[in-house]
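Naming convention: chains lettered A, B, ... in sequence-line order (proteins, then strands); numbering from 1 in each chain. Excluded from the calculations below are hydrogen atoms, water molecules and symmetry mates; all remaining heavy atoms, backbone and side chain alike, are included. Just so it is clear, the structure is predicted and the values come from calculations on it, not from any experiment.
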Amino acid sequence: MSIPDRNLECGHSLEELSTYLDTGDIPDPHHLAECPDCQAALASLRNLKVLGTEFLGEEIAAAGKGTDDWMQAILDNLRLEVRPGRTIPLRPEHPGDTLSETEGAITALVRAVGDSIPGIAVGKCRLRGDVTVPGAPVTVEVQLAVLYGHPMLGRADELREHLAAALARHTELNVAAIDLAVSDVLQPRPATPPTPEEPQP
Amino acid sequence: MPHGLELVPDAILAGRASDGDTAAFEALARRYGPQMRACARRITGSYADADDVVQESLMQAWKQLDTLRDNGAVKGWLLRITGSRSIDHLRRRKVHPELDAEHEAAADGARNHNNPESAAVNGSRVAALKAALARLPEEQRRCWVLKEFGDQSYEEIASALNISSDSVRGRLARARVTLAREMEEWR
Amino acid sequence: MNQPLPAADELYEVIRSVDGVTAVYPARPAWQNIAGAALSAVTGVQLPPVLVLPGAEAPGTTAEVRTRIGVSSAHRAPDVCRDVAAAVRRHLDPLTVTVNVQVAAISGPLPLPR
C-alpha cells in the first residue's frame with residue numbers, strides 16, 4: 001500500500017502532497033524529489049486525479065449537451081424572467097382588456113428566424129423606436145455572425161423576407177425597416193464540417 | 001438548428017454578453033451548461049435540483065457580468081457561481097425540513113451504488129470511484145467535487161462552504177487519501 | 001350578489017386549452033418587481049400561473065384576471081392572445097372581468113413565408 005492514513009514514514013504529511021498537487025508549492029522540494037515514499041504517494045494521488053478527470057468527462061457527457069431540452073428550458077426561463085424588455089401592446093377585442101407581447105419574446109423570435117438560416121448566427125438584436133405606442137414606426141436592427149465561405153448575397157434578402165413575414169404574423173408592430181449588419185465572420189473549426197447548403201426556394 | 005456562435009471564443013462572447021448581447025450569453029450557457037449541471041448534480045444529488053441551480057447560476061451570471069474582470073476566465077467564473085449556488089441550494093433545503101427528508105432520500109438514491117446508471121458502468125474504475133465518493137463524509141465530498149469538477153481554488157471553495165482555506169486544504173487531502181486508498185484496494 | 005372569486009387553477013385549465021397556447025407562466029402582479037423565479041427560489045413559494053384580483057370599483061361583481069402565456073408559432077400570437085381573453089370572459093360569465101394577457105414566448109417550428 002503506497003498511501004498510509006496521514007503521515008508518511010519519512011515524516012511528511014499527505015496534506016502537503018495534496019496541496020503540492022494543486023499549487024506546485026511544497027516546503028521541502030529537494031526531499032520530495034528524492035524520497036521514494038513521497039514519490040509513491042504522489043503517484044497514487046496523480047492517478048486519482050486522472051481518474052477524477054475521466055469521471056468528470058463521463059459526468060459531463062451524462063449531463064447532456066448544451067442543445068438539449070433541459071438547457072433550452074433553462075434559457076427559456078431566463079428570457080422570461082431576466083429580460084422581458086418593454087411591453088408591446090396588442091389590440092384588444094374587448095375594451096378594458098390589456099393584451100401585450102414582451103420585447104424579449106419578439107427578439108427571441110427574430111433570433112430563431114435568423115438561426116434557422118444555414119451559416120448565420122444572430123448576435124445583438126434591437127427594436128428601435130417606441131414599441132409601446134401602437135403604430136409607431138419601428139426599425140429592427142440585427143447583427144449577424146456569418147460562417148466564412150457562406151455567400152451573404154441572397155442570404156440577407158432571404159433573412160429579411162423571413163423576418164418580415166414572422167413579424168407581420170406574430171406582432172402588430174409597424175416595421176419601417178429591417179437593418180442587417182455583419183459583425184463577425186467565423187472561421188469554421190477543422191473538426192466541424194461546414195453546415196450543408198439548403199436548396200433555395 | 002445551427003448555433004454559429006459555437007465558433008466564437010469565450011473572451012469575445014463574454015465581452016459581447018456584458019454589452020447586453022443575449023445571444024452571446026446563451027452561447028456561453030450552452031457551452032458550459034453541461035459541466036455546470038454535472039457539478040451541481042454531484043453536489044445536490046439530482047438533476048432536478050441541478051437544473052434549478054444552473055438556472056439560478058446563469059441568472060446571477062447575467063446580472064453580474066460587469067463584475068467579470070477577465071473575459072477569458074468566464075468558464076471558471078461560471079463554475080464558481082454554480083458551486084456556491086449548489087451549496088446555497090443545500091442550505092435552503094435545511095430551512096424546510098419536510099422537503100429535506102424527501103430530497104435526502106432522492107439524493108441518496110442518486111448516490112447509491114444500486115442505481116441503474118452506475119450499474120451500467122459497474123466494474124469500471126470510474127464506477128468504483130463514484131461509489132467511494134458516495135461513502136465520503138459530506139463536507140469532504142463537497143470539497144472534492146468543487147475542486148475536481150468545479151476547478152476552484154482553496155479560497156473559492158472556502159468562501160462557498162463558509163469554512164477556512166486551511167479546513168478546505170485538510171478536508172480535500174483526507175478525501176483524496178481515502179479515495180486513493182480505496183482505488184488501490186480496488187485494483 | 002357577491003360571488004366568490006373564481007378559482008385560479010380552473011382558469012389555468014381554461015387558458016391552457018386555448019388553441020396555440022403552449023405554456024402558462026406565473027402572472028406578475030404590478031407591485032412585484034422581483035423576478036418570479038428568483039422569488040420562488042428564495043422563498044420556495046411558487047407564484048400562481050393565473051392571478052385573480054377583485055375588481056377595484058365593484059369587488060363583488062367584477063374581477064381582474066392576469067396571466068402570461070407562451071404561444072406556438074404555428075398560430076398567430078396576437079390572435080391567440082385575444083382568444084385567451086375571450087375564453088376567460090366566457091368562462092367567468094356573468095362576472096364582469098377585465099383580462100390582462102401577455103405573450104412572453106413564441107416557440108416552435110417557424111412557418112416559411114407565404
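Contacts of residues 130-140 of chain A with chain C at a heavy-atom distance below 4.5 Å are absent; not one residue qualifies.
Heavy-atom pairs under 4.5 Å with chain A peak, among C:Cys81, C:Pro78, C:Ala104, C:Ala105, at C:Pro78. With chain C as the partner, the residue from A:Gly96, A:Gly104, A:Ser100 showing the most heavy-atom pairs under 4.5 Å is A:Ser100. Interface summary for chain C: among A:Glu103, A:His94, A:Glu93, the most heavy-atom pairs under 4.5 angstrom belong to A:His94.
A salt bridge links C:Arg82 with A:Glu172; the closest basic N to acidic carboxylate O contact falls under 4.0 Å.
Atom-to-atom distance recorded for A:Thr102:OG1 and C:Ile106:CD1 is 8.0 Å, nearest 0.5 angstrom. Atoms NE2 and NE2, from A:His170 and C:His75 in turn, are 10.5 Å apart once rounded to the nearest 0.5 Å.
Contacts between A:Ala168 and chain C at a heavy-atom distance below 4.5 Å involve the backbone alone (N, CA, C, O). With a threshold of 4.5 angstrom between heavy atoms, A:Ile88 does not approach chain C through any atom at all.
The closest donor-acceptor contact from the side chain of A:Asp97 to the backbone of C:Thr98 lies at 3.5 Å or more, if one exists at all.
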